[in-house]
Amino acid sequence: MKSSSTIRAALAAAAAAWSWPARAQSDAGIPRLETRGQATQLVVDGRPYLVLGGELANTATSSPDYMRPVWPRLARMNLNTVLAGVSWALLEPTEGQYDFSLVDEALQSARANNLRLVLIWFASWKNGISSFAPAWVKADQARFPRVQVQGGRSIEVLSTLADASRDADARAFAALMRHVRETDGARHTVLMVQLENEVGILGDSRDRSPAAEAAFAGAVPAGLTNYLAAHAGRLRPQLAERWRAAGARASGTWAEVFGSGPATDEIFMAWHYARYMERVAAAGKAEYPLPIFTNTWIVQPEDHGPGDYPSGGPEPHVLDVWRAGAPHIDLNGPDIYLPDFTGWTARFHQNGNPLFVPESRGDAQGVANAFYAIGREAGIGYSPFGIDNPGRLAALRPEGAQGPAGRIEDQPLPRGYALLRELSPLILEAQEKGTITAVSLDPVRQKESLALGDYTVNFDLRRNFRNPAQVPPFGYGLAIALGANEYLVAGSDIQVTFSPRSPGPPVAGLSRVEAGDYRDGKWVRGRVLNGDDILLDYHLAAAAAENQSGSGLKFMAGAPTLQRVWLYRYR
């Protein structure tokens, strides 16, 4: 017979295990999103964390042999976080039987290389398609029905209207999160989870299966109409205009509340994708409450409407529907390969949706994207896709580079990330205070002036001294106001001047300019710059007429560099 103390200990242990989710919510070390001053930041082990990430190819982690040489290479690239896929088909090959060996392999390898992880749950949908669902789900279309498009044909997309599909996905995701809590709850290697990937219907604007047709003919759920009414003054314009044009009704069918046509079909699908994924997210968070986000396949220039792009996904114009339907999803992130990176980040970073870019470019332009997302939009991080492919990385060489590809560390992304890692503590503090900004420039948008601290910071593409009309294909910069008359600026292929914003002498001069680096949180001065290093224009009279000194900061092409400047004012 067991002693009473042994029994009490066993009961205490069982109670502790049973109550983990409640305890986990209050554990300050568990990664979470937190509003800190003027920014929403990822907080890990009680401190803000900037994700300098890279996403692996979708199936990379399905082969430990493939990944074995990749992990140390990722560490050499100055990443601090890897986005790695977890396949439902491999995790639950037989219903109710889970295999976590690949998850454990990724955890151990990440830790061995001092990297963190963001897991991507490839389950019901990946790029709109249900290719990562287990074979037992794919084969049983009676239990797990598919979307039907016009003409009555089924496509390889699980219907959002099927409770059995939703519940099976939720059970598997809960099992994954329970395993992550049990194996990583004290280590916090896993920071966040992306739920599904680029969801939505391709080939039609909505599901036309019998269950979907019945739901579309029925009433719009009160959860959505109540949300619209409560947030009427803050809704995204396209959704608000459509709802108001139909009379801003509090009830009715989908066509009555939003009008008829593909745009209403998309709203209908957005609600049902959000509700499906809400159930999955809630099941996972009940086991381990890590931040959960989505990744959106954004509208392409050639798309004519929903169905050309995945209809129902968390596009900016239906994000309010997602926020109403999926409160357990913490943010909706964009997949951006289009040229207008700045415009797309602004569209997503609205109405309380924090910005994280989980998939984008990894070349020199990708470095510009990272600086912009983090500096201008207070992003919690950036992540280019296909980071495991050394051939792809080698192809992303600085323009004009000759000879062998050279070391991974010398490629654009690792060099850009190296500087961002140095600056991470300053960046995170400046995001909170609102004392940081950034630009991404090109021949179409060659200049931008932004108020920061006591001055306006004037960014311009770097000019050829003898031919000012000649400009580089792109340039970027990030500025932090360190104090009165003091700034830290990082950039590539730009030049920077300053203009006072307060009464007093109208011209800002450069009192002192230092090139240098941050090491272990401390500024390490390099060259003290003057003369040709800071001279932008010999036409001093013309500069004076514009309240400029003719001098400024110059950042050459290639990897971003860092300068610290002290200003003074004169007439």
Side-chain angles (χ1 to χ4, degrees), residues 51 53-71 73-74 77 79-93 98-111 113 115-135 137-138 156-158 169-170 172-177 179-180 183-184 189-199 277 280-281 284 288 290-297 310 313 329 333-335 337 356-360 362 381-390 392-393:
V51 176
E55 182 178 339
L56 300 170
N58 305 143
T59 58
T61 52
S62 68
S63 171
D65 288 340
Y66 170 83
M67 283 300 300
R68 198 158 290 116
V70 171
W71 290 107
R73 193 161 64 235
L74 299 177
M77 291 171 60
L79 278 70
N80 60 15
T81 307
V82 177
L83 279 68
V86 177
S87 165
W88 182 13
L90 297 178
L91 186 126
E92 191 180 7
Y98 302 106
D99 180 357
F100 299 107
S101 59
L102 294 175
V103 176
D104 292 339
E105 175 75 26
L107 277 169
Q108 293 162 10
S109 297
R111 291 169 182 164
N113 290 278
L115 294 164
R116 306 269 190 162
L117 287 175
V118 171
L119 299 181
I120 306 174
W121 178 234
F122 291 133
S124 291
W125 305 286
K126 196 275 175 194
N127 290 33
I129 312 299
S130 298
S131 55
F132 277 84
V137 171
K138 293 179 181 179
E156 195 178 14
V157 178
L158 291 173
D169 190 334
F173 185 60
L176 170 64
M177 296 299 282
H179 183 77
V180 173
T183 57
D184 192 54
T189 309
V190 180
L191 305 179
M192 299 190 291
V193 180
Q194 178 183 308
L195 193 59
E196 318 293 352
N197 186 79
E198 298 175 353
V199 304
M277 290 171 60
V280 178
Y288 190 39
L290 291 179
I292 290 178
F293 66 93
T294 66
N295 181 7
T296 303
W297 172 337
I329 293 176
D335 166 350
Y337 293 96
F356 175 56
V357 182
E359 187 176 345
S360 191
Y382 181 83
S383 172
F385 178 73
I387 205 72
D388 50 299
N389 187 335
R392 183 175 183 274
L393 184 67

Rounded to the nearest 0.5 Å, what's the gap from [atom1] on [X] to [atom2] on [Y]? Could you check?
{"X": "Leu290", "Y": "Leu191", "atom1": "CG", "atom2": "CG", "answer": "8.0 Å"}
{"X": "Phe173", "Y": "Glu196", "atom1": "CZ", "atom2": "CD", "answer": "8.5 Å"}
{"X": "Asp335", "Y": "Thr294", "atom1": "CG", "atom2": "OG1", "answer": "11.0 Å"}
{"X": "Thr61", "Y": "Leu83", "atom1": "OG1", "atom2": "CG", "answer": "11.0 Å"}
{"X": "Asp169", "Y": "Trp125", "atom1": "CG", "atom2": "CH2", "answer": "7.0 Å"}
{"X": "Phe293", "Y": "Gln194", "atom1": "CZ", "atom2": "CD", "answer": "4.5 Å"}

Does the side chain of [X] reach to within under 4.5 Å of the side chain of [Y], using non-hydrogen atoms?
{"X": "Met192", "Y": "Ile292", "value": "no"}
{"X": "Leu90", "Y": "Asp99", "value": "no"}
{"X": "Glu55", "Y": "Ile120", "value": "yes"}
{"X": "Phe385", "Y": "Asn58", "value": "yes"}
{"X": "Leu56", "Y": "Leu74", "value": "yes"}
{"X": "Val193", "Y": "Val118", "value": "no"}
{"X": "Lys138", "Y": "Glu156", "value": "yes"}
{"X": "Val86", "Y": "Phe132", "value": "no"}

[X] and [Y]: which non-hydrogen atoms are nearest, and at how many Å?
{"X": "Leu176", "Y": "Trp121", "result": "CD2-CE3, 3.7 Å"}
{"X": "Val199", "Y": "Pro310", "result": "O-CB, 3.3 Å"}
{"X": "Pro384", "Y": "Gly53", "result": "CD-O, 3.1 Å"}
{"X": "Phe122", "Y": "Gly85", "result": "CE1-CA, 3.7 Å"}
{"X": "Ala89", "Y": "Ala133", "result": "CB-O, 3.8 Å"}
{"X": "Asp388", "Y": "Ala57", "result": "OD1-N, 2.8 Å"}

How would you list, by chain and number, every residue that makes a side-chain hydrogen bond (donor to acceptor under 3.5 Å, both in side chains) with [X], sequence neighbours excluded?
{"X": "Asp104", "result": "His179"}
{"X": "Glu359", "result": "Asn295, Tyr337"}
{"X": "Thr296", "result": "none"}
{"X": "Arg68", "result": "Asp65"}

Pairs involving residues 115-126, ordered by first then second residue, that meet salt bridge (Lys or Arg N to Asp or Glu O under 4.0 Å) (sequence neighbours left out):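 Listed by first then second residue: Asp45-Arg116.
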Check: Ser109 side chain, Ala106 main-chain N or O, donor-acceptor pair, under 3.5 Å: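 No, because the side chain of Ser109 does not come within donor-acceptor range (under 3.5 Å) of the backbone of Ala106.
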Donor-acceptor contact below 3.5 Å, side chain Asn127 vs main chain Ile129: no
Side chains of Asp184 and Tyr288, donor plus acceptor under 3.5 Å: no
Qualifying side-chain hydrogen bond (donor to acceptor under 3.5 Å, both in side chains) pairs, either residue in residues 80-92, two or more places apart: Tyr49-Asn80, Tyr49-Thr81, Trp88-Glu92
